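These numbers were taken from a predicted model, which means no experiment stands behind them. As a basis for the values below, the full set of heavy atoms in this structure was taken, side chains included, without hydrogen atoms, waters or symmetry mates. The first residue in the sequence is number 1, and the count goes up from there.
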Amino acid sequence: MKGVRIAPSILSADLTCLSQVVAEVAGAGADWIHVDVMDGHFVPNLTFGMPIVAALRRITRLPLDVHLMIEAPERYLEAFARAGADRLIVHVEACPHLHRVIHEIRRMGLRAGVALNPATPLSALEEILPDVDQVLIMTVNPGFGGQAFIERMLEKVRRARGMIDALGRPIELEVDGGVGPGNAPALVAAGATVLVAGASIFEAPEGPAEALRRLRRAIESVHIE
């Protein structure tokens with residue numbers, strides 16, 4: 001569907017040929033590159049830090065959508081901004097002073113996003129929604145790629161869309177976790193405007209470029225009321 005962005009997640013990419021696979025998905029029409037930063041504390045896995053973001057910045061002009069699944073993200077905002085992030089997403093669950101963190105991200109000239117784990121209610125967004133540029137609904141429990149989509153998150157996406165529409169601001173609604181051609185049409189119909197896809201793109205037997213095109217084709221015919 002026109003206007004829906006696809007953000008391949010390099011969590012599932014072959015890092016030994018990162019430049020090649022990023023170029024492949026860029027050539028196939030990727031809109032953003034999604035980078036999952038995990039610290040082994042907030043989530044049970046260790047992944048990327050500033051050096052990977054800096055390396056990506058050197059090899060692509062696509063916006064870097066950096067998802068901070070870490071404790072005390074406010075300590076690292078400036079470092080990720082210097083590394084080349086365009087968007088920084090922090091978790092409601094990790095930020096006791098969320099308003100301050102969001103405004104610090106925006107002060108640095110970056111787009112600011114807030115993420116919710118599957119069990120976190122949408123009510124956690126009520127006081128911060130007017131200040132953010134994007135909302136990320138986790139549709140798996142964060143920490144590892146390749147997990148199965150939690151079906152009841154579809155209704156959560158739909159309700160988040162309603163909250164955003166009621167506010168009347170152009171806030172991106174992003175979904176991350178188990179996204180592929182099978183469920184992408186329903187997510188877009190529910191109101192998602194950004195699809196993060198990792199395993200369904202980078203682990204597809206047909207290769208990342210064709211997998212991305214297949215995901216794009218899956219949402220082309222979705223009709224939004």
Side-chain angles (χ1 to χ4, degrees), residues 1-13 24-36 62-67 86-87 89 111-118 120-122 124-125 129 132-142 145-204 206-225:
M1 178 191 169
K2 184 179 179 181
V4 175
R5 294 168 176 83
I6 296 178
S9 170
I10 64 162
L11 183 62
S12 299
E24 285 184 36
V25 294
D31 298 288
W32 301 349
I33 297 296
H34 188 81
V35 187
D36 289 307
L62 290 178
L64 300 181
D65 187 43
V66 180
H67 182 188
D86 296 285
R87 295 172 174 269
I89 305 165
R111 296 289 186 173
V114 64
L116 275 69
N117 285 339
T120 301
L122 288 174
L125 291 176
L129 194 60
V132 302
D133 299 295
Q134 67 197 86
V135 170
L136 172 58
I137 302 296
M138 291 301 303
T139 46
V140 300
N141 289 294
Q147 298 184 69
F149 179 81
I150 300 172
E151 292 294 335
R152 63 182 177 275
M153 291 300 102
L154 184 61
E155 177 57 29
K156 189 175 186 179
V157 172
R158 188 174 290 111
R159 288 186 287 117
R161 176 79 269 155
M163 291 176 67
I164 292 170
D165 289 348
L167 189 63
R169 288 189 60 244
I171 298 169
E172 299 280 11
L173 180 53
E174 189 170 5
V175 292
D176 182 2
V179 175
N183 56 23
L187 287 165
V188 171
T193 60
V194 182
L195 303 177
V196 176
S200 67
I201 289 178
F202 289 113
E203 297 178 12
E206 66 267 35
E210 181 52 37
L212 191 147
R213 294 187 190 102
R214 184 159 60 96
L215 181 59
R216 181 77 70 186
R217 289 194 297 270
I219 62 175
E220 281 177 349
S221 60
V222 177
H223 175 69
I224 304 298
E225 296 294 338

Shortest non-hydrogen separation from [X] to [Y] and the atoms involved:
{"X": "P208", "Y": "F202", "value": "CB-CD2, 3.9 Å"}
{"X": "R214", "Y": "P181", "value": "NH1-CG, 3.6 Å"}
{"X": "M153", "Y": "M138", "value": "SD-O, 3.8 Å"}
{"X": "A209", "Y": "A28", "value": "O-CB, 3.5 Å"}
{"X": "L154", "Y": "A190", "value": "CD1-CB, 3.9 Å"}
{"X": "L212", "Y": "A30", "value": "CD1-CB, 3.7 Å"}

>> Evaluate I219 against L195 for side-chain contact (heavy atoms from CB on, under 4.5 Å), listing each step before the verdict.
In response: CA-CA 10 Å; I219 62 175; L195 303 177; 4.2 Å; yes
> Hey, is CZ on R111 packed in by over 12 heavy atoms from elsewhere, all under 6.0 Å?
Replying inline: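 Result for CZ/R111: open.
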Could you measure the distance from the [atom1] atom of [X] to the [atom2] atom of [Y]? Nearest 0.5 Å is fine.
{"X": "W32", "Y": "D86", "atom1": "CH2", "atom2": "CG", "result": "9.5 Å"}
{"X": "N183", "Y": "L215", "atom1": "CG", "atom2": "CG", "result": "9.0 Å"}
{"X": "N141", "Y": "I150", "atom1": "CG", "atom2": "CD1", "result": "4.5 Å"}
{"X": "N117", "Y": "L136", "atom1": "CG", "atom2": "CG", "result": "9.5 Å"}
{"X": "R161", "Y": "I171", "atom1": "CZ", "atom2": "CD1", "result": "8.5 Å"}
{"X": "D176", "Y": "I89", "atom1": "CG", "atom2": "CD1", "result": "8.0 Å"}

Any side-chain to backbone donor/acceptor pair from [X] onto [Y]? Under 3.5 Å, distance only.
{"X": "D133", "Y": "A112", "value": "yes"}
{"X": "S200", "Y": "V179", "value": "yes"}
{"X": "R159", "Y": "L122", "value": "no"}
{"X": "D31", "Y": "A7", "value": "no"}
{"X": "K156", "Y": "T120", "value": "yes"}

> Is the shortest heavy-atom distance from the side chain of I137 to the side chain of L173 under 4.5 Å?
Replying inline: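 Counting from C-beta outward, I137 and L173 do come under 4.5 Å.
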> Does the side chain of E174 reach to within under 4.5 Å of the side chain of H67, using non-hydrogen atoms?
Replying inline: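 When only atoms from C-beta onward are counted, H67 and E174 do not touch, as no gap falls below 4.5 Å.
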> Is there a side-chain contact (heavy atoms from CB on, under 4.5 Å) between I6 and I201 once you walk through the steps?
Replying inline: CA-CA 10 Å; I6 296 178; I201 289 178; 4.2 Å; yes
> Could R158 and E155 be called an ion pair, given the rule that one side-chain N must be under 4.0 Å from one carboxylate O?
Replying inline: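 E155 and R158: salt-bridged.
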> Salt bridge between E210 and R217, side-chain N to carboxylate O under 4.0 Å?
Replying inline: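 Result for this pair is yes, salt bridge flagged.
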>> As a quick check of understanding, evaluate side-chain contact (heavy atoms from CB on, under 4.5 Å) for S9 and D36, giving each step before the final call.
In response: CA-CA 7 Å; S9 170; D36 289 307; 2.9 Å; yes
> Which one of D65, I164, T193 satisfies the side-chain contact (heavy atoms from CB on, under 4.5 Å) criterion with Q134?
Replying inline: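 The option that passes is D65.
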